[in-house]
Amino acid sequence: MTHPVRWFVWIAIASVATMLTRNPLYQVILFGIGLLLIDSLRAMQFPEQSGDGIRESGLPFSPLRFALFAVPAGALFNGLTSPFGDTIIARLPTSIPYLGGPITAEAVAYGAINGLILATLFAVFAVLNLAVPVRDLIGYLPRAFYPVAVVSAIAVTFVPSIKRQFVQVREAQAVRGHQMRGLHDWFPLFMPVLVGGLERAMQMAETMTARGFAARDRDEAARAAPITQLMSVLGMALVLAGGVLRLIPGWTIGSPFLLFGGMGLMGSAIWYAGRSVRFTRYHRPQWTRFDTVTVVAAGAALVPLLLWPISRDYNPYPLLSWPQFDVRIGATLLGLMVPVFLLPTRKDDTTRTFSTQRSSDINDQV
Amino acid sequence: MIRFESVAFRYPGAARPALRDVTLTLPEASFTVVYGPSGAGKSTLLRSLNGLVPHFSGGTVSGRIEVAGLDPVRVGPERMCWQVGFVFQDPEAQFVMDRVEDEIAFALENAALPVPEMRERVAEVLDLLGLMELRRRSLASLSGGEKQRVAIAAALALRPGILVLDEPTSQLDPESAEDVLQALTRLNAGAGLTIVLAEHRLERVLSFAHRLIHIPAGGTEVLCGSPRDVLAQTPLVPPVTALGKALGWSPLPVTVAEGQPFARRAAAKLEGARVPVDEHTGGEASGYLQVEALEAGYGTRPVLRGVSLNLVPGEVVVLMGRNGSGKSTLLKALVGLVRPQEGHILLQGHDTRGVPVAELCRQIAYLPQDPNALLFADTVAEELAITLRNHGISTQHAPLAPEELLARLGLSDKADAYPRDLSVGERQRVALAAIMVTRPDVVLLDEPTRGLDYEAKGKLLALIRSWRAQRLAVLLVTHDVELAAAAADRVVMMEDGRIVAEGSAHSILGEDSAHAPRDDSTGAQSFAPQTVQLFPRRGWLTVDEALAHLAVPVNLAAEPPA
């Protein structure tokens with residue numbers, strides 16, 4: 001059994017790494033790691049499926065397919081809308097509003113990198129979808145603010161159902177002679193999926209309410225409310241002040257303290273409010289040394305990116321150039337691949353039932 | 001104990017109240033069925049029992065509600081969940097987790113119960129509902145009946161004294177529905193659980209009910225009492241009661257068991273009256289739509305295994321079988337949504353392989369299970385115009401004038417209405433209009449009676465009969481045996497992706513059918529209509545047929561159900 005917190009940490013580090021660097025070579029490594037992990041998780045959970053099984057694995061579509069769309073789309077969009085860069089590869093008549101002018105290789109490259117970053121983030125979150133069972137996602141949701149808790153719970157269960165609904169609507173529209181010819185042809189699909197999704201969300205919220213989800217101890221909640229509100233307001237004020245300080249020359253040094261202090265205060269408010277919602281866990285995963293290895297290796301992957309920003313950063317403007325590649329960064333990024341080697345080989349291994357739980361789990365209350 | 005005193009409720013912004021002056025009392029350990037037309041307020045009444053109305057829905061309540069000694073309006077659903085378990089209509093839409101055991105434990109986790117107690121309660125409800133073997137299974141892998149039982153188990157985990165169910169058998173085949181209802185009966189009789197259940201198909205549930213609540217359209221004059229007393233005062237009743245009313249049986253029977261002594265006496269006066277059974281077994285050699293040794297499925301998973309079937313103009317074929325037997329897949333294969341792996345589908349003698357879905361659907365209309373998936377336009381008229389546009393046909397050159405079609409479907413006054421604001425039955429007819437406007441020759445209907453009340457079902461039956469009169473070929477998938485008995489010229493039974501029986505409605509739905517599934521314990525035919533159960537071996541399937549042979553003018557009978 002893998003501990004969900006291992007995956008939360010892995011995903012947090014992989015996401016930070018993805019957003020820290022615009023170097024396409026590192027992005028390709030990160031994207032490749034994401035794909036490899038998805039494939040390993042899929043093979044573990046759906047062993048009977050063949051190569052195209054990603055469609056059957058709870059993901060709305062394959063990350064590779066998403067990348068094949070996002071990279072050219074990003075390149076095209078930025079190429080058409082950004083006139084900056086020295087290497088002009090084509091020109092559109094200036095009479096075309098917004099799009100007219102030079103199309104540069106730098107703008108195209110910049111847009112393609114944007115698309116690649118999006119695809120990598122998609123792959124990273126697809127790992128979350130596959131690796132962490134719904135029960136753990138729900139179990140780790142903060143119950144603090146009832147509507148937020150319900151909406152978050154609906155969100156984590158939303159992907160498989162919306163996919164099913166999309167197929168249903170697509171088939172229903174096809175039998176009316178609907179064919180996909182242009183952008184406007186998405187409307188007949190979009191509307192029923194949207195309305196059906198909202199109806200389903202309402203039904204889910206209703207069923208969760210009927211089963212006591214995020215039900216608060218009213219007295220305790222009433223006592224906690226003023227303190228929670230005060231902490232939240234103070235937190236937001238500190239974050240705002242931190243943001244303003246960043247803009248004032250000579251004062252920027254205090255900005256991170258205020259920003260982090262404010263965020264910490266808001267997090268504490270959520271924790272404090274959550275105390276009025278009591279719940280226990282039927283399954284309680286155990287932290288193993290494999291979880292430690294995964295977290296340490298992932299953390300180590302982040303260090304070089306923080307230490308050597310010159311290699312990390314890449315900007316194709318003003319003249320397109322080949323990105324630098326620092327072997328130390330490349331090698332340590334591979335640390336994010338460690339979970340691939342530590343995954344259980346069978347689907348059953350991911351599930352542990354109450355029979356193996358410790359007595360200390362009994363009062364696991366938040 | 002459940003008590004309503006002069007309760008009225010109005011949703012926010014609603015012109016009319018959903019419930020008006022409802023006064024009723026339900027004793028502990030009773031089994032109560034709530035029925036009435038769609039939109040009458042059944043779900044509202046059920047949701048008021050655990051405080052979802054008004055806490056979740058908003059709106060204003062007047063009067064007094066008392067459930068298990070608590071006022072749900074005051075304490076809200078988070079407190080009422082300890083007293084009232086709630087099972088919604090669609091089990092899939094209410095599952096939060098992805099495994100059976102986790103789903104059942106969800107409410108216990110929210111109640112912050114210690115793990116050993118959760119363990120005990122999960123085992124208890126798994127055992128109670130016969131789900132022990134499924135505890136580790138993924139919810140997606142379960143059949144419809146199993147899912148519904150898991151939903152019930154999840155609602156019972158907190159050991160509430162009251163279980164409320166909103167149309168729990170509407171998506172189930174007769175056998176699965178019987179399983180679920182038997183489970184509920186055990187809970188009611190064995191554990192003393194109070195059950196309140198909303199249902200349109202009274203013939204399925206009345207044999208289990210102690211009390212009946214009828215909510216008429218508009219939520220006024222709610223009747224609550226013994227099933228016999230309530231049915232005596234309402235026009236829409238199950239077949240056995242319709243016969244009882246027509247033939248003056250007293251006391252009025254509400255179940256087949258109660259009707260059988262009367263039926264035996266009535267039938268004894270007849271000398272072997274029996275409808276000659278038409279041994280018509282399935283389409284002419286060259287049908288309009290022919291299926292030959294069809295094998296199809298999803299990915300590598302085969303669903304249909306060597307299915308052969310003919311549809312001919314002017315014939316209504318009813319396709320029946322248990323959940324998961326391949327009925328919907330066959331319909332999808334006929335319109336090209338599922339590709340054949342082996343075999344052929346011939347439309348007027350031409351193989352449909354490679355023909356686009358859109359082109360096929362000009363000749364074959366297909367109504368999927370959820371008609372809402374078809375509707376997205378701003379008005380009903382626009383829905384029809386869009387289908388025509390999709391097929392490259394102008395409204396002026398439509399094979400069937402949209403106004404005429406809407407008139408035939410009883411939707412003339414709804415042409416400018418927003419389709420999703422209409423009732424369940426009206427929405428279904430709008431969806432039908434949207435697929436019929438190209439004047440197809442074949443109509444495929446997948447479970448069209450889900451959520452329909454008796455009146456809407458009657459309208460649907462009339463529509464199906466009018467299509468038959470217009471020489472359309474109709475293939476109807478349904479679990480509703482009464483509708484099948486009334487509509488079918490031919491019945492086809494499917495099991496495990498194969499056709500296991502095919503013949504006239506009399507030969508397949510009759511008591512002595514050799515092909516229909518039978519209850520393991522009683523040996524009774526699971527797909528037999530109530531008339532067949534009352535008059536076995538007579539060959540009568542519907543109330544009309546029985547009354548015709550019993551020499552009672554049909555118009556003396558209360559309006560029979562579909």
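Below, each value reflects all heavy atoms present in this structure, side chains not excepted, and no hydrogens, waters or symmetry copies. Predicted, not measured: the structure shown is a model, and the values here were computed from it. Per chain, numbering begins at 1; letters A, B, ... match sequence-line order.
Counting heavy-atom pairs closer than 4.5 Å to chain A, the top residue among B/Phe106, B/Trp82, B/Phe95, B/Tyr366 is B/Phe106. Note: A/Val175 leads A/Thr209, A/Leu137, A/Val175 in heavy-atom pairs under 4.5 Å with chain B. Annotation: maximal heavy-atom pairing with chain A below 4.5 Å, among B/Leu388, B/Thr438, B/Leu52, occurs at B/Leu52. Comparing B/Arg79, B/His391, B/His55, B/Glu92 by how many heavy-atom pairs each has under 4.5 Å with chain A, the most go to B/His391.
Residue B/Val335 touches chain A through its side chain alone, counting heavy-atom pairs closer than 4.5 Å. With a 4.5 Å cut-off on non-hydrogen atoms, B/Leu108 touches chain A through its backbone but not through its side chain. Contacts of B/Leu374 with chain A are made by both backbone and side-chain atoms, with heavy-atom separations under 4.5 Å. If you measure heavy-atom distances from B/Phe56 to chain A, the contacts under 4.5 Å come from the side chain alone. Residue B/Arg389 does not touch chain A at all, counting heavy-atom pairs closer than 4.5 Å. For a residue to count as touching a neighbouring chain, one of its non-hydrogen atoms must lie under 4.5 Å from one of that chain's; by this rule B/Val75 touches chain A with the backbone only.
The pair B/Arg137-B/Glu101 does not meet the salt-bridge criterion, since no charged nitrogen lies less than 4.0 angstrom from a carboxylate oxygen. Looking at B/Lys332 and A/Glu171, a side-chain N of the basic residue comes within less than 4.0 Å of a carboxylate O on the acidic one, giving a salt bridge. For the pair B/Arg99 and B/Glu103, the salt-bridge criterion is not met [side-chain N within less than 4.0 Å of a carboxylate O].
For B/Leu113 against B/Met118, the heavy-atom pair with the smallest separation is O-CE, 3.3 Å.
With sequence neighbours excluded, no residue forms a ring pair (Phe, Tyr, Trp, His ring centres under 6.0 Å) with A/Tyr272.
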Check: residues 191-208 of chain A side-chain donor-acceptor pairs under 3.5 Å, at least two apart:
unit_1	atom_1	unit_2	atom_2	d
A/Arg200	NE	A/Ser161	OG	3.1
A/Glu206	OE1	B/Arg47	NH2	3.3
A/Glu206	OE2	B/Arg47	NE	2.7

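At least one side-chain heavy atom of A/Tyr282 sits less than 4.5 Å from a side-chain heavy atom of B/Val122.
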